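Here the structure comes first, spelled out in structure tokens, and everything after it is commentary.
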Amino acid sequence: GLGLTMIPTQPLLSQWFRRKLSYAQGIAAAGSGMGGLVLANTTRYLIQEKSLKYALICNGIVSFVVLLPCITLMKSTESQPMHFIPSRLRKQKVSESPTARIKKNPLELKWFFHPGYSFVLLFGVFSMIGYFVALYSLAAFASSGLGLTQKQASTLQSILAAGQMVGRPLCGFLLDLIGRHPCTIM
């Protein structure tokens with residue numbers, strides 16, 4: 001779910017923000033912290049008062065109601081014509097001459113064989129696995145491993161989500177203020 005909602009929005013921000021891009025991405029990423037803050041508490045309450053099935057249905061409805069307007073309002077600065085017929089079967093218009101058109105390939109296979117690509121890919125995989133395992137198993141570990149109650153574990157998850165709401169825009173602000181490389185070294 002996260003890959004289908006958060007990841008596609010990041011390239012859109014770079015089209016709209018030339019300055020303070022990191023701060024804008026931090027604010028956008030803070031939305032997941034706000035969602036975690038709201039959903040952790042409401043899900044716990046609904047599981048205790050109703051049932052797990054009811055809580056999951058309510059989470060799905062909330063996600064649909066929030067995401068549907070967001071998806072319809074997302075807009076790229078570049079024109080994206082929708083073609084349902086493959087390009088080899090379409091008639092070319094006069095303005096669509098191959099020499100005047102810029103060719104964009106979002107996936108170029110030659111980069112898979114670049115020596116540095118495997119290191120960047122492994123870094124991304126291991127850092128995201130560590131992040132998601134810690135983030136999504138925190139409440140379960142707190143209740144089973146540390147002996148906390150479900151309410152205390154949910155509160156701990158809420159504290160983490162509130163930290164994301166504050167920390168992500170703050171990190172974006174620092175990145176724009178002192179630069180990406182010095183901030184990464186810190």
Side-chain angles (χ1 to χ4, degrees), residues 1-14 17 20-71 73-74 116-186:
L2 181 66
L4 295 175
T5 57
M6 186 175 168
I7 306 300
T9 61
Q10 295 300 318
L12 284 177
L13 287 174
S14 66
F17 292 94
K20 304 207 183 278
L21 174 63
S22 297
Y23 186 53
Q25 288 181 332
I27 291 173
S32 67
M34 186 171 72
L37 183 64
V38 171
L39 289 177
N41 294 311
T42 56
T43 302
R44 178 195 46 84
Y45 175 77
L46 289 172
I47 290 172
Q48 287 177 348
E49 297 297 319
K50 300 287 184 180
S51 68
L52 177 63
K53 180 181 176 182
Y54 186 78
L56 292 176
I57 290 171
C58 287
N59 281 348
I61 290 171
V62 167
S63 296
F64 180 75
V65 167
V66 169
L67 289 175
L68 185 67
C70 293
I71 289 170
L73 293 176
M74 280 191 337
Y117 175 75
S118 59
F119 293 113
V120 172
L121 181 67
L122 287 173
F123 170 76
V125 166
F126 287 123
S127 63
M128 293 314 281
I129 284 175
Y131 171 71
F132 285 124
V133 166
L135 185 67
Y136 291 122
S137 64
L138 177 68
F141 173 73
S143 61
S144 64
L146 299 178
L148 299 177
T149 65
Q150 289 290 331
K151 186 174 183 176
Q152 290 171 330
S154 177
T155 303
L156 185 62
Q157 187 78 31
S158 298
I159 291 170
L160 177 68
Q164 289 177 342
M165 281 178 49
V166 174
R168 288 179 173 176
L170 183 63
C171 285
F173 179 74
L174 285 175
L175 283 168
D176 285 333
L177 184 68
I178 63 173
R180 289 174 175 85
H181 295 292
C183 198
T184 303
I185 292 170
M186 288 183 1

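Fair warning: this is a prediction, and the values are worked out from it, not measured in the lab.
- Between Lys20 and Asp176, the shortest heavy-atom distance links the atoms CA-OD2, 2.9 Å.
- Residue Pro69 comes nearest to Phe64 through the heavy atom pair CD-O, 4.4 Å, listed as atom of the first residue, atom of the second, then distance.
- For the atom pair CG (Leu160) and CE (Met165), the distance works out to 12.0 Å, reported to the nearest 0.5 Å.
- Here the straight-line distance linking atom CD of Gln25 with atom CZ of Phe17 works out to 9.5 Å at 0.5 Å rounding.
- One finds the OG atom of Ser154 at 11.5 Å from the CG atom of Leu148 (value rounded to the nearest 0.5 Å).
- The structure places CG of Leu56 at 8.5 Å from OG of Ser51, a figure rounded to the nearest 0.5 Å.
- The nearest pair of heavy atoms linking Arg44 to Gln150 is CD-O, 3.6 Å.
- Between the side chain of Arg168 and the main chain of Ala30, no donor-acceptor pair closer than 3.5 Å is present.
- To the nearest 0.5 Å, atoms CG (Leu156) and CG (Leu138) are separated by 4.5 Å.
- At distances below 3.5 Å, not a single donor-acceptor pair connects side-chain atoms of Ser137 with backbone N or O atoms of Ala140.
- Residues Cys58 and Thr42 have side chains not in contact (no heavy-atom distance under 4.5 Å, counting atoms from C-beta outward).
- At distances below 3.5 Å, not a single donor-acceptor pair connects side-chain atoms of Glu49 with backbone N or O atoms of Leu46.
- Among all heavy-atom pairs drawn from Ala139 and Ala153, the shortest one is O-CB, 3.4 Å.
- Crowding of Gln48 atom CD: a count of heavy atoms from other residues, nucleotides or ligands under 6.0 Å exceeding 12.
- Separation of atoms OG (Ser158) and NZ (Lys151) is listed at 11.0 Å; rounding is to 0.5 Å.
- Smallest separation of non-hydrogen atoms from Ala55 and Thr43: CB-O, 4.1 Å.
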